[in-house]
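A, B, ... follow the sequence lines: proteins, then strands. Residue 1 opens every chain. Computation of the quantities below employed the complete heavy-atom set of this structure, encompassing side-chain atoms and omitting hydrogens, waters and symmetry-equivalent molecules.
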Number of protein chains: 2
Amino acid sequence: MAKPNTPITEHLAYLLAQANREINRQLELRLSKEGVPVEQWRILKVLSDGNGHSMGELADAVLLNHPTLTKMIDRMVSDTLVYRVQDPNDRRKVLMFISDRGKVLSKKLNSLAVDQEEHILESYGDKSTSELKRLLESLIDSSN
Amino acid sequence: MAKPNTPITEHLAYLLAQANREINRQLELRLSKEGVPVEQWRILKVLSDGNGHSMGELADAVLLNHPTLTKMIDRMVSDTLVYRVQDPNDRRKVLMFISDRGKVLSKKLNSLAVDQEEHILESYGDKSTSELKRLLESLIDSSN
DNA sequence: TTGAAAATATTGAATATTCAACAATTGAAG
DNA sequence: CTTCAATTGTTGAATATTCAATATTTTCAA
């Protein structure tokens with residue numbers, strides 16, 4: 001009467017980690033053509049609305065915690081992809097903006113990312129993809 | 001005629017990262033009751049079949065790369081949760097085994113993890129959960 | 001208005017991860 | 001058999017992340 005404990009591969013937490021790892025790896029591979037980590041793509045994408053975004057807001061949006069974001073932004077400022085402006089309405093805040101160079105890079109990265117999405121659509125299917133997205137959104141919602 | 005680029009929140013890669021982060025955070029919170037990181041739960045769970053698993057096999061199973069696993073196993077050996085045995089059939093390999101202490105801990109961790117799964121089932125729904133799992137498995141399959 | 005608490009971002013030290021090189025063993029071709 | 005390439009795991013240095021502490025500014029209650 002051995003107890004056949006639930007295998008790890010049946011845990012939602014594990015399946016999510018596994019799928020995330022794989023998809024992220026693929027995306028990483030594409031973006032490496034431009035020598036850019038996934039997080040920087042996210043940052044540029046969020047900033048490419050042209051508006052200023054505070055560090056806190058950005059950290060939430062790109063799934064990084066504050067100190068990690070600060071250091072990554074330091075690098076991106078060195079690369080003149082983004083720049084800091086003190087928020088005039090709340091001087092505790094820093095508003096981040098994308099530079100022209102950042103916009104150019106962002107476009108290239110977007111097309112690489114879109115490439116990947118299309119590749120997934122092909123091998124995984126249109127129906128499954130949109131259904132999966134829907135379920136993920138709803139899971140995220142239900143976790144707040 | 002501004003181009004409304006796909007928002008990042010619509011990319012599968014982003015949704016997966018977000019969902020994974022959130023679910024992982026919740027699991028982490030539970031496991032912290034025993035002071036154990038998620039990766040160690042995975043390791044113990046895989047080893048709790050009682051069989052020896054090589055480092056390479058284990059690294060794949062628990063989603064860690066080799067050097068990271070080696071160092072985490074070093075810690076777990078210090079804590080006498082697992083132990084190394086040289087594979088007699090292939091002396092390049094090391095077989096990892098779970099200790100009695102590891103088994104005891106593993107059971108506690110499992111019940112914490114099951115707690116979480118039940119919590120998700122409640123707030124997210126039985127139907128959605130199993131459907132999400134099915135889709136994730138199929139996505140992972142299609143990525144090989 | 002003042003002073004304490006909260007919010008925001010950064011820093012430096014501690015910790016963890018990754019990359020490249022290495023050592024040991026096995027496999028396999030000649 | 002012997003040698004060379006491939007496999008497996010570990011190590012140390014370089015890099016990245018995290019935690020706790022800090023500085024600054026704002027908020028708000030007294």
Taking atom CG of A:D126 as the centre, report whether more than 12 heavy atoms of other residues, nucleotides or ligands fall under 6.0 Å from it. no
Within residues 50-85 of chain A, residues whose heavy atoms come under 4.0 Å of DNA chain D: A:N65, A:P67, A:T68, A:K71, A:R75
For A:K133 and A:T129, run side chain to side chain contact (heavy atoms under 4.5 Å, CB included): C-alpha distance rounded to whole Å, both residues' side-chain angles, the deciding distance at 0.1 Å, then the answer. CA-CA 6 Å; A:K133 284 185 183 180; A:T129 305; 4.1 Å; yes
In whole angstroms, the gap separating C1' of C:dA16 from CD of B:Q40 amounts to 13 Å
Could you tell me how far apart A:N24 (CG) and C:dT18 (C1') are, to the nearest whole angstrom? 15 Å
I need the CD-P distance between B:E28 and C:dA16, as an integer number of Å. 13 Å
Just how far, in rounded Å, is P of C:dA9 from CG of A:D90? 8 Å
Can you find a heavy atom in the side chain of A:M72 that is under 4.5 Å from one in the side chain of A:R75? yes
Roughly how many Å is it from CG in B:L95 to P in D:dT10, rounded to a whole number? 11 Å
Please determine whether side chain to side chain contact (heavy atoms under 4.5 Å, CB included) holds for the pair B:L132 and B:Y124, giving the CA-CA distance in whole Å, both sets of side-chain angles, and the decisive distance to 0.1 Å. CA-CA 11 Å; B:L132 177 55; B:Y124 183 54; 3.9 Å; yes
Spacing of A:N89 atom CG relative to C:dA9 atom P, expressed in whole Å: 14 Å
Indicate the ring-plane relationship of A:F97 and A:Y83, choosing parallel, tilted or perpendicular according to the 30° and 60° boundaries. parallel
Does one hydrophobic cluster hold both B:L64 and B:V94, with members joined at side-chain heavy-atom distances below 4.5 Å? yes
Is there, by distance only and without an angle test, a donor paired with an acceptor across the side chain of A:R92 and the base of D:dT24 below 3.5 Å? no
Is there a path of hydrophobic side-chain contacts, each under 4.5 Å between heavy atoms of I/L/V/M/F/W/Y residues, joining B:L27 to A:L63? no
Five pairs per end, C1' atoms only: what is the angle between the end axes of the helix from C:dT1-D:dA30 to C:dG30-D:dC1, to 10 degrees? 20°
Are any non-hydrogen side-chain atoms of A:Q40 and A:E34 less than 4.5 angstrom apart? no
Does one side chain, of B:E22 or B:Q18, offer a donor that lies under 3.5 Å from an acceptor on the other? no
Length of the line joining B:Q86:CD and D:dT10:C1', which is rounded to integer Å: 13 Å
